[in-house]
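Below is one structure, written out as structure tokens; the observations come after it.
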Amino acid sequence: MSYWLLKTEPDEYSIDDIAKLDTFCWDEIRNYQARNFIRDQVSQGDLAFIYHSSCKQVGIAGVVEIITNGCIEQAQFNPQHAKFDPKSSQDKPKWYSFDIRFKQKFNQVIPLSWIKQQPELNDMVLIKQGRLSVQPVSEQQWQFITSRAK
DNA sequence: GCCAACGTTGGC
DNA sequence: GCCAACGTTGGC
């Protein structure tokens, strides 16, 4: 089982929005590195942090469970959709998605500034490669963060 | 809102 | 396949 970190702008989708729904489709990802993780590695039963970016309280807001493997994403085929991709086709889909289910909201967002101060978290992809929106988290990093979350 | 970092596009 | 130009992300 693997651990992930999923970035979202809470003005669009926040941990609260995810909590309201039984299942929530993580789609519209248009980055090849993130796509490869989704297509090849994201699996039913994995856990993920929800990270709030570009907002007042930047940081990790809670935990979700991943409830599907990587699936062919639907928006890419819809000409009406903002994320329509004319270069994609049903035989050769370019983009993938997966479903998540809310698990936990932390009482306080774990701030990026705190994460940056922890030597144990120096190697997080979040720190090293700021712009990746679906990224792996090691088991050690996961345990370190969850053991300090409330 | 600024701007640095970085991903993508497209001409050659 | 290089690389300049351009667009986007995301912290501050």
Side-chain angles (χ1 to χ4, degrees), chain A residues 2-21 24-42 46-66 69-100 102-138 140-150:
Chain A
S2 307
Y3 300 97
W4 304 95
L5 182 145
L6 310 177
K7 283 194 196 176
T8 179
E9 299 190 13
D11 291 346
E12 297 197 27
Y13 304 112
S14 73
I15 189 80
D16 294 321
D17 297 320
I18 296 165
K20 280 179 207 150
L21 298 170
F24 192 98
C25 184
W26 207 260
D27 58 3
E28 304 186 12
I29 303 292
R30 295 290 181 272
N31 167 285
Y32 286 106
Q33 246 187 303
R35 188 282 306 271
N36 292 346
F37 284 129
I38 298 170
R39 187 188 56 189
D40 305 335
Q41 295 186 45
V42 166
D46 290 352
L47 294 175
F49 289 132
I50 294 297
Y51 176 90
H52 284 176
S53 70
S54 300
C55 60
K56 269 192 176 166
Q57 283 194 298
V58 170
I60 298 172
V63 175
V64 297
E65 182 183 0
I66 290 166
N69 293 342
C71 312
I72 295 167
E73 198 245 14
Q74 291 309 305
Q76 65 189 315
F77 303 126
N78 178 0
Q80 313 305 326
H81 198 285
K83 298 285 182 170
F84 174 63
D85 187 343
K87 290 180 188 160
S88 188
S89 67
Q90 299 277 352
D91 335 339
K92 274 199 156 188
K94 276 175 69 181
W95 307 112
Y96 288 75
S97 63
F98 54 96
D99 287 355
I100 60 174
F102 173 79
K103 225 173 148 59
Q104 180 189 4
K105 179 184 176 180
F106 297 148
N107 289 335
Q108 289 148 4
V109 170
I110 298 175
L112 176 63
S113 57
W114 179 84
I115 293 170
K116 283 180 172 170
Q117 288 166 13
Q118 310 309 311
E120 292 87 345
L121 301 177
N122 273 349
D123 290 335
M124 278 193 83
V125 181
L126 186 67
I127 310 292
K128 296 187 137 178
Q129 197 183 340
R131 301 180 54 176
L132 190 57
S133 62
V134 175
Q135 54 175 263
V137 174
S138 76
Q140 290 81 354
Q141 291 159 355
W142 183 273
Q143 300 299 348
F144 185 86
I145 291 167
T146 50
S147 70
R148 280 157 184 81
K150 291 168 208 151

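First the proteins, then the strands, lettered A, B, ... as listed; each starts at 1. No hydrogens, no waters, no symmetry mates; every other heavy atom, side chains included, goes into these values.
- Remark: of the listed residues A:K83, A:R30, A:K87, A:R30 is the sole one forming a side-chain contact (heavy atoms from CB on, under 4.5 Å) with A:Q76.
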Note, DNA chain C 5' to 3' with Watson-Crick or G-U pairs under 3.5 Å encoded as ( ), [ ], | and . gives ||||||||||||

In 5'-to-3' order, the base (B), backbone-only (S) or no-contact (-) status of each nucleotide in nucleotides 7-12 of chain C, using a 4.0 angstrom heavy-atom cut-off, is BBSBSS

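- When all heavy atoms of A:Q129 and A:Q135 are compared, the pair lying nearest together is O-NE2, 4.3 Å.
- A:I60 contributes atom CD1, which lies 8.5 Å from atom CH2 of A:W114 (distance to the nearest 0.5 angstrom).
- With sequence neighbours excluded, the residues that form a side-chain contact (heavy atoms from CB on, under 4.5 Å) with A:K128 are A:D123.
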Practice problem: Tell me, with the steps shown, if A:N31 and A:R131 meet side-chain contact (heavy atoms from CB on, under 4.5 Å). | Solution: CA-CA 10 Å; A:N31 167 285; A:R131 301 180 54 176; over 6 Å; no

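- Annotation for A:K105: atom NZ does not count as buried by contact number, only 12 or fewer foreign heavy atoms lying within 6.0 Å.
- Between A:L6 and A:V64, the shortest heavy-atom distance links the atoms CD1-CG2, 4.3 Å.
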